[in-house]
Amino acid sequence: MAGKLPTYAFFKGTIVPFSEAKISVMTHALNYGTGCFEGIRAYWNDQEEQLFVFRMREHYERFLNSMRLLLMQTPYTADDLCQITIELLRREGYREDAYIRPLAYKADEIIGVRLHGLQDEIAIFAVPFGLYVENDQGAHATFSSWRRISDNAIPARGKITGAYINSAFAKSEALLNGYDEAIVLNENGHVAEGSAENIFIVRDGVLITPPVTENILEGITRKTVIELAHEELGIETVERPIDRTECYLADEAFFVGTGVQIVAITRIDHRPVGTGQMGPIVRALRDLYFTIVRGKVAKYRHWCTPVYEPEATSTLSQARQPALGTRS
Ligand code: PY5
C-alpha cells in the first residue's frame with residue numbers, strides 16, 4: 001500500500017502543505033492510541049471527468065460519534081468536515097480513485113492516560129488508492145486465533161486508533177500464514193468481522209450478517225449492501241449471530257468495507273466456500289456497487305458528492321472560509 005504522499009493536509013484548522021502537518025513524539029494519541037479516524041473513498045468517473053466522494057456525510061457522522069466515545073470536543077459539524085474535504089480534494093486535483101483519511105487525536109504533549117481534559121485536534125489527508133485486499137476475485141480467509149475486542153473493553157463501534165492493534169494482530173497472523181484475510185470471532189465465539197471489514201454469508205438465498213451488538217464496526221458499506229440487496233436484488237438480510245461452522249457451509253461469503261469494497265471469500269481454512277468460485281449474489285452486488293460508487297446510477301447519485309462541479313464551489317463559498325486559512 002506504499003504510494004504517493006499527499007500534497008496538502010487539513011491540520012490545526014487550515015489546509016497546509018503536507019510536509020508541515022507534523023506532530024510531536026510526545027503526542028498523547030501516539031503514546032496511548034487516543035484517537036479515532038475514518039476511511040472514505042472517492043471514485044473517479046472518466047466520462048463525466050468528475051470525482052465522487054461516497055457517502056461522505058455518513059462517514060463524518062460516524063467520525064463525530066467515535067469522537068464522542070473518546071470525550072472529544074470539536075467546533076466542526078459533519079457538514080463543515082464535508083466542505084473541508086471537498087476543498088482539500090480540489091487542491092489535490094486528483095483525477096483517479098482516492099482514499100480520504102480524517103483523523104481526530106488527543107494532541108497534548110503530556111504523560112498520563114485519560115480521555116478528559118485534553119486538547120483534541122482534527123487532521124484530514126487524501127491519497128490515490130487502489131485495491132486494499134490483493135486477491136479481490138476470491139480471497140482465502142482463515143479464522144483468527146485472536147478475538148475481537150469487546151464493547152466493555154474497547155468499543156468496536158467506534159473507529160478508535162488504539163483498537164486497530166487488534167486488527168493488526170489478526171491481519172498479520174493471517175497474511176504470515178499465507179491467507180489473504182482473517183475472520184475474527186468475538187469473545188462469545190460468534191463471527192464478528194474481518195480485520196478491517198464487515199462480513200456476510202449466503203445460506204439458502206438469504207444474506208446473513210452479524211448484528212451491531214456482536215462487537216462489529218457499524219459499517220457504511222454493510223448498510224449499503226443490505227439496502228442494495230433488498231432494493232435491487234430482492235434479497236433480504238438477516239442480522240443474527242453467526243457460528244464459525246456456518247461459514248464453512250455457506251453457499252457464498254464476502255467481505256465489505258470502504259477499503260476492501262466487496263470481496264468474495266472463496267475459501268476458508270482450505271475449504272471451498274460453495275463452489276470455490278465467486279458466487280452469483282456477490283458478483284451481482286459487486287457489479288451494482290462499482291457502478292453506483294462512480295455516480296453512474298441516478299437512483300443512488302445522492303450518495304455521491306461531486307468534488308469538481310460548480311455546485312460544489314457555490315456550497316463552498318458559504319463555508320467556513322476562515323477555517324480553511326490558505327484558500328487562494
Ligand atoms: N470493520 C472494521 C473493523 C473496519 O475497520 C472497517 C473499515 C469496516 C468494518 C467497514 O466499514 P465501512 O464500510 O464503514 O468502511 N475499515 C477502514 C476502511 O477504510 C480502514 C481500513 C484500514 O475500510
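Read the numbers this way: they start at 1 and go in the same order the structure lists the ligands and their atoms. Note that the structure is predicted; figures quoted are calculated from it, not measured. When reading the values below, keep in mind they use all heavy atoms of this one structure, side chains included, and skip hydrogens, waters and symmetry mates.
For a threshold of 3.5 Å applied to N or O pairs, the pair formed by K159 and ligand 1 contains at least one separation below that value. Considering backbone and side-chain N/O atoms, V260 never comes within less than 3.5 Å of an N/O atom of ligand 1. The N/O atoms of T221, backbone and side chain alike, include one that comes under 3.5 Å of an N/O atom in ligand 1. Inclusion of T258 in the set of residues having an N or O under 3.5 Å from an N or O of ligand 1 is warranted. Backbone and side-chain nitrogen or oxygen atoms of H59 are examined, and none is located within less than 3.5 angstrom of a nitrogen or oxygen of ligand 1. Considering backbone and side-chain atoms together, A196 places an N or O closer than 3.5 Å to an N or O of ligand 1. Looking at Y164 next to ligand 1, an N or O pair under 3.5 Å apart turns up. The N/O atoms of G257, backbone and side chain alike, include none that comes under 3.5 Å of an N/O atom in ligand 1.
At least one heavy atom of R148 sits under 4.0 Å from some atom of ligand 1.
For Y43 and F52, the ring centers sit 6.0 Å or farther from each other. Taking the six-membered ring for Trp, F37 and H59 have ring centres at least 6.0 Å apart. The aromatic ring centres of Y94 and F129 sit 6.0 Å or more apart.
Taking every non-hydrogen atom of G259 and a distance limit under 4.0 Å, the qualifying atoms of ligand 1 come out as 18 (C), 19 (O), 23 (O). Which parts of ligand 1 touch I220 is read off a 4.0 Å heavy-atom cut-off, strictly below it: atoms 12 (P), 13 (O), 14 (O). Below 4.0 Å from some heavy atom of Y99 lie the following atoms of ligand 1, by number and element: 17 (C), 18 (C), 19 (O), 20 (C), 21 (C).
Cluster membership for F290 and L233, using ILVMFWY side-chain heavy atoms within less than 4.5 angstrom, is shared.
Using a 4.0 Å cut-off between heavy atoms, E197 contacts ligand 1 through its backbone alone, with no side-chain atom that close. Counting heavy atoms under 4.0 Å from ligand 1, residue R157 does not touch it at all. Proximity of R41 to ligand 1, defined as any heavy-atom pair under 4.0 Å, is not found for any part of the residue.
A perpendicular orientation is assigned to the rings of Y76 and F10, their planes being inclined by more than 60° (bins at 30° and 60°).
Partners of K106 under the salt bridge (Lys or Arg N to Asp or Glu O under 4.0 Å) rule, at least two apart in sequence or in another chain, are D120. Evaluation of the side chain to side chain donor-acceptor pair (under 3.5 Å) rule for E252 yields no partner, not counting sequence neighbours.
Selection from E58, R62, Q261 by nearest heavy atom to atom 14 (O) of ligand 1 gives R62.
Ion pairing between a basic and an acidic side chain is recognised when a charged N comes within 4.0 Å of a carboxylate O; E121 and K12 show no such pairing.
Considering all non-hydrogen atoms of both residues, S24 and M26 come closest at OG-N, 2.8 Å. Closest heavy-atom contact between P102 and Y60: CG-OH, 3.4 Å.
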